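To keep things clear, I will list the structure first and then write my remarks on it.
Please read these numbers as outputs of a predicted model, since none were measured by experiment.
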Amino acid sequence: MKKLTKSFLVMILGLLMSVNVMADVQTGKTEPDYPTDYYMIVESKAGGIDIYSQPDLESTRLNDEQIPNGTALHIEGEVEDTENNRTWGYTEYHGMYGYAPLDECRPADSRKEAIDSELYIAGKDHVNYNADYDVKADAEGGFQKLYQGPGTKYGEVPGVRDIENGETLHITQDAEMVDGSHWGVTTVDGTEGWVDLEKTEEWKKEHPDTVEESVDAVAEVSVTPTEVAKATETPAPTEAAEATETPAPTETAEATETPTPTITEEADEAENTEKDSKEPEAENTDTKDIREASGQNVKAAKTKWYQNPFTWIIGIAVLAVIGLLVYHNKKK
């Protein structure tokens with residue numbers, strides 16, 4: 001009897017320990033524990049790392065291909081995973097925010113070291129340290145920023161005005177980065193920085209396919225509301241036909257003239273109402289998809305009662321108490 005009781009107690013303690021470990025796992029973590037501002041350089045034995053939507057290797061992977069060794073990551077926050085003895089860095093990669101395991105990265109002593117590392121992996125054939133040519137700014141919004149490195153992750157150069165479209169920029173160094181972007185070093189009002197070369201007139205002339213793809217994307221979006229408007233025009237002739245059946249033949253012309261503008265106005269109002277109601281819905285859907293893909297606002301899925309570890313803790317504790325009471329009663 002004593003051996004059976006001891007075995008039973010050992011099993012209960014083992015279950016309690018396993019459930020406590022389950023309770024420590026951070027599910028649905030969307031924000032870092034605290035903000036940071038430094039750079040890490042990827043240095044993995046596997047040749048690269050992945051970025052995840054949550055600080056968990058089992059969460060959704062956001063990158064299609066591994067982030068290669070030598071890539072600099074701007075760490076904007078950290079999460080401590082005490083269970084696995086791992087620190088996760090909250091960072092941005094290809095426009096998506098997520099978590100990268102920092103145990104496969106090394107810290108960069110400065111922003112310059114991070115930039116030099118990325119230029120090194122880009123290769124000497126893709127970096128021109130002796131560039132000497134002019135370009136004209138041509139950004140979609142009418143202006144662009146000057147950055148502290150070859151990428152938006154390095155941040156804007158503080159205290160520098162916006163670069164207006166049509167402004168001539170003298171490029172003294174350019175680079176095609178591993179991620180496919182193109183950047184150049186220039187000077188604005190005596191301050192040196194990096195500018196996106198894909199936002200220049202020269203780039204768009206040399207790469208017309210890129211411009212056509214962006215125009216086609218805009219055209220596809222603009223087709224949808226016109227088709228909806230056509231579909232809402234069908235009720236107009238049917239109502240006009242009903243109006244011309246009741247009056248006398250001499251009054252038909254008057255009857256058909258008056259309802260037509262009112263029906264058109266109602267149809268136009270219905271079209272505008274449908275457009276107004278559908279456009280925000282489409283925008284909301286797009287923003288939700290982007291946020292979920294980037295991992296910025298990914299919410300934890302609702303769990304059922306039996307998936308909650310605390311429910312199992314309470315249940316096992318109650319069973320343990322009952323078992324002890326039964327044991328003592330029998331012993332008496």
Would you call the rings of H182 and H207 parallel, tilted or perpendicular, taking 30° and 60° as the class edges?
tilted

Worked check of side-chain contact (heavy atoms from CB on, under 4.5 Å) between V195 and Q144
CA-CA 8 Å; V195 67; Q144 57 184 297; 3.1 Å; yes

Quick one: does any side-chain atom of T186 pair with a main-chain N or O of I171 as donor and acceptor, under 3.5 Å?
no

Could you tell me whether a side-chain N or O of T187 sits under 3.5 Å from a main-chain N or O of G190, the two making a donor and an acceptor?
no

Quick one: sort the Y147 and W183 rings into parallel, tilted or perpendicular, breaks at 30° and 60°.
perpendicular

Which of E76, E92, E118 passes salt bridge (Lys or Arg N to Asp or Glu O under 4.0 Å) with K153? It is E118

Determine, for D138 against K199, whether the closest basic-nitrogen to carboxylate-oxygen distance falls under 4.0 angstrom.
no

Which atom pair, heavy atoms only, marks the closest approach of P68 to V178?
CG-CG1, 4.0 Å

Has Q148 got a side-chain atom pairing as donor or acceptor with E156's backbone, closer than 3.5 angstrom?
yes

Over all atoms of both residues, closest heavy-atom pair of A100 and L73
CB-CD1, 4.1 Å

OH of Y133: more than 12 outside heavy atoms within 6.0 angstrom?
yes

Hey, quick one: are Y129 and Y120 part of the same hydrophobic cluster, counting side-chain heavy atoms closer than 4.5 Å, chains of contacts allowed?
no

Ignoring hydrogens, what is the shortest heavy-atom contact between G180 and E198? Give both atom names and the distance.
O-OE2, 3.6 Å

Quick check: closest heavy atoms across E164 and F143, and the distance to 0.1 Å?
OE1-CB, 4.2 Å

ILVMFWY network linking I67 to I75, side-chain heavy atoms under 4.5 angstrom:
yes

Within the distance-only criterion (no hydrogens, no angle test), does the side chain of E78 pair as donor or acceptor with the backbone N or O of Y34 below 3.5 angstrom?
no

Are any side-chain N or O atoms of D33 and backbone N or O atoms of E80, one a donor and one an acceptor, separated by less than 3.5 Å?
yes

Counting C-beta onward and ignoring hydrogens, is there a side-chain heavy-atom pair between N69 and V42 closer than 4.5 Å?
yes

Please report the shortest heavy-atom distance between S59 and Y52, naming the atom on each side.
OG-CB, 3.3 Å

E192 versus L146, closest heavy-atom pair with distance:
C-CD2, 4.2 Å

Are the side chains of Y39 and T91 in contact, using a 4.5 Å heavy-atom criterion?
no

I'd like to know if the side chain of E167 and the backbone of I163 have a donor-acceptor N/O pair within less than 3.5 Å.
no

Would you confirm whether D81, through its side chain, and R86, through its main-chain N or O, come within 3.5 Å as a donor-acceptor pair?
no

